[in-house]
Structure formats: structure tokens, C-alpha cells
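The block underneath contains the structure these notes are about, expressed in C-alpha cells.
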Amino acid sequence: MEKSVTLENKGRSRMDTKKMVTLAVMTALAYMAMLFFRIPVVLFLKYEPKDVIIAIGGFMYGPLASLLMSAVVSLVEMVTTSDTGPIGALMNFIGTSAFACTAALIYKRIRSIKGAVIGLVCGTVLMTLIMLAWNYLVTPIYMGTPRDVVAGMLLPAFLPFNLLKGALNSGIAMLIYKPLSNIMRKAHLLPESSSSGAESGGRIKKYAFVYIIAGFVIATCAAVIIIWNL
């Protein structure tokens, strides 16, 4: 009896270690995505795909994982590349965690394709609303711009930017989450799925449809960014 308990504890310890290592690697990848893939969109606003990796980390390990990854990446960005200091770090943390933690929380409760899509959509909406409020409150401080000027930019600039950012994050996340999770399961970094063969077949068909929609969303967002920068 004691031997089986010991083996079970060792198994949990190995899984916890794998989880910590995996999250550390994903956090580093999120930082690299922020560092090397910055795409100008409108005004001083740039798109960076770090939120995709942080959301996927939340899908795999829960909303708390997304929260911790958001905090670490925001802090590291503040001390390495950002010129906006603590205010920029706070804004980055709020925006990323609003999107990724919301998506991860809903997916944790509804572990299906439908749950992932609902989570990403809700994350996009919540992030957009929260960032409108925080940009109104904080942007005048670090830009040195009157608040009424910033208020005039909320609808024509901040609103479409955050919707575009959330849509692009959602499309990329839906495109790469399943292949990435399968690779990690084969590497024994995630527990095996308990899906039956029939269920797997049905999921393949569902994911084919999701891939088509995700590709369309990504293509549309890319076209909008290109047109915006002409």
C-alpha cells in the first residue's frame, strides 16, 4: 500500500516538474514572439503574437498558468525592451491576462472545440472592453496627451485594434493548438487523451471546419493590417 502511494507521489512529482519546465519554455517562446514579431498596425499600436502562446498555455494547464505567464512576460519585457516602464508593463499584463485567462477559464469548464471557440471570443470581447477603459485612464499619462484627445482615438483606433488583435490571436491559437498538444502528448509532456476512435473521427471533421474558419480569420486580419498600413 505504501509502495503504491510512493509511486503515485513520484508520478505526480514528475508531472509537476514537466509542467513547470513546459510552462517555462512556453513563457520564453511568448517573450521571443513579442521580441521578433512586432507588426505595426495603427498609431503606436503594434501586434505581437505572444498572447497566442500564453492562451495555449492556459488551455493546457489552466487560467492560473496564463496569469503567471502574462506576469512574467510583462515584467521581462519591461526591464529589457520596453520604454514605457511600469505603466506599459501593467497595460500589457492587463490586456494579455484578460484575453488568455478568460479563454482558459471557459475552456477549463467546457473542454471541447466549442468551449475553446467560446473562450477565445469572450476573451477578445473582454480584452477589448477592458483595454478601452484602461487606455482612456492611462494613455494620457505616458503619452502626455490631453484626455479628450485620447478619448477621440478610442473608437477609430483602440477599438478596432483590440478587436483585430483578439481575432488574430484566436485564429492562430485555433490553428496551432491541436497539433501542438498532440506533439506534447507524444513527448509525454501532457497526459494522453481519453477520446475513443469514433470520437476522434468526429473531432477530425470538426477541426477541419475550425481550421478553415481560423485560416479565413487570419487572412482577413492580415488583409486589414496591410490596408491599414498603405
Side-chain angles (χ1 to χ4, degrees), residues 19-106 119-120 122-147 149-154 157-170 172-173 221 225:
K19 177 180 176 180
M20 291 175 62
V21 171
T22 303
L23 286 175
V25 171
M26 294 185 75
T27 302
L29 288 174
Y31 174 76
M32 298 297 284
M34 176 278 302
L35 194 61
F36 293 111
F37 297 97
R38 289 186 170 185
I39 304 171
V41 180
V42 61
L43 299 177
F44 58 88
L45 302 170
K46 298 179 181 180
Y47 172 76
E48 48 199 41
K50 69 179 184 222
D51 292 3
V52 174
I53 300 171
I54 294 173
I56 289 176
F59 281 174
M60 292 177 176
Y61 296 111
L64 181 58
S66 286
L67 188 69
L68 293 174
M69 292 173 69
S70 300
V72 171
V73 174
S74 297
L75 287 173
V76 175
E77 181 180 355
M78 180 185 70
V79 300
T80 55
T81 63
S82 177
D83 57 359
T84 56
I87 293 177
L90 176 64
M91 294 289 281
N92 284 330
F93 171 72
I94 290 171
T96 298
S97 58
F99 172 77
C101 293
T102 301
L105 180 62
I106 293 175
L120 291 167
C122 290
T124 297
V125 173
L126 184 62
M127 176 193 70
T128 300
L129 295 175
I130 287 177
M131 292 312 293
L132 283 177
W134 277 89
N135 275 296
Y136 177 74
L137 293 172
V138 175
T139 300
I141 299 174
Y142 72 82
M143 281 188 65
T145 305
R147 196 172 301 279
V149 174
V150 174
M153 295 189 295
L154 291 178
F158 290 108
L159 175 63
F161 169 77
N162 283 293
L163 287 174
L164 181 73
K165 177 181 176 181
L168 196 50
N169 285 338
S170 299
I172 298 173
C221 292
I225 292 174

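Keep in mind that what you see is a predicted model, and the values were worked out from it rather than measured.
One finds the OG1 atom of T102 at 10.0 Å from the CE atom of M127 (value rounded to the nearest 0.5 Å). Residue Y47 holds its OH atom at 7.5 Å from CD1 of I225, rounded to the nearest 0.5 Å. Taking CD1 from I172 and CG from L168, the interatomic distance works out to 4.0 Å, rounded to the nearest 0.5 Å. One distance of note links CE of M60 with OG1 of T22; it measures 8.5 Å at 0.5 Å rounding. A distance of 7.5 Å separates CD1 of I130 from OG of S97, quoted to the nearest 0.5 Å. Annotation: the span from K50 atom NZ to S70 atom OG amounts to 8.5 Å, rounded to 0.5 Å.
Between N162 and the choices T128, L45, T124, L129, the side chain to side chain contact (heavy atoms under 4.5 Å, CB included) rule is met once, by T128.
For S66 (side chain) and I54 (main-chain N/O), a donor-acceptor pair under 3.5 Å exists by modelled atom type. In this structure, the side chain of S82 does not engage the main chain of M78 through any donor-acceptor pair within 3.5 Å.
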| said: Before you tell me yes or no, could you show the steps for T81 and M34 under side-chain contact (heavy atoms from CB on, under 4.5 Å), namely the whole-Å CA-CA distance, both residues' side-chain angles and the distance that decides it to 0.1 Å? | reply: CA-CA 10 Å; T81 63; M34 176 278 302; 4.0 Å; yes

| For Y136 and L154, what are the C-alpha separation, side-chain angles and deciding distance, and is it a side-chain contact (heavy atoms from CB on, under 4.5 Å)? | CA-CA 7 Å; Y136 177 74; L154 291 178; 4.0 Å; yes

| task | Any chance you could lay out the side-chain contact (heavy atoms from CB on, under 4.5 Å) test for L68 and L23, step after step, and finish with the verdict? | result | CA-CA 9 Å; L68 293 174; L23 286 175; over 6 Å; no

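Sorted by first and then second residue, the salt bridge (Lys or Arg N to Asp or Glu O under 4.0 Å) pairs with a member in residues 128-140 form an empty list; sequence neighbours excluded. Screening residues 138-147 for salt bridge (Lys or Arg N to Asp or Glu O under 4.0 Å) gives no qualifying pairs among residues at least two apart or on separate chains.
Considering all non-hydrogen atoms of both residues, I141 and L137 come closest at CD1-O, 3.9 Å. The minimum heavy-atom distance linking L120 with S170 is given by the pair CB-OG, 3.4 Å. In terms of heavy atoms, A55 sits closest to F99 at CB-CE2, 3.9 Å. The two residues P140 and V150 make their nearest non-hydrogen contact at CG-CG2, 3.7 Å. Contact between F161 and K46 at its shortest, heavy atoms only, is CZ-O, 3.4 Å. Heavy atoms only, all atoms of each residue included: A157 and V42 are closest at O-CG1, 4.3 Å.
Between L132 and L159 the shortest side-chain heavy-atom distance falls below 4.5 Å. Looking at L75 and V79, their side chains never come closer than 4.5 Å, going by heavy atoms from C-beta outward.
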Distance-only criterion, 3.5 Å: show the donor-acceptor pairs between side-chain atoms of residues 87-96 and protein atoms not counting sequence neighbours.
| unit_1 | atom_1 | unit_2 | atom_2 | d |
| --- | --- | --- | --- | --- |
| N92 | ND2 | E77 | OE1 | 3.3 |
| N92 | ND2 | G88 | O | 3.2 |
| T96 | OG1 | D51 | OD1 | 2.8 |
| T96 | OG1 | N92 | O | 3.0 |

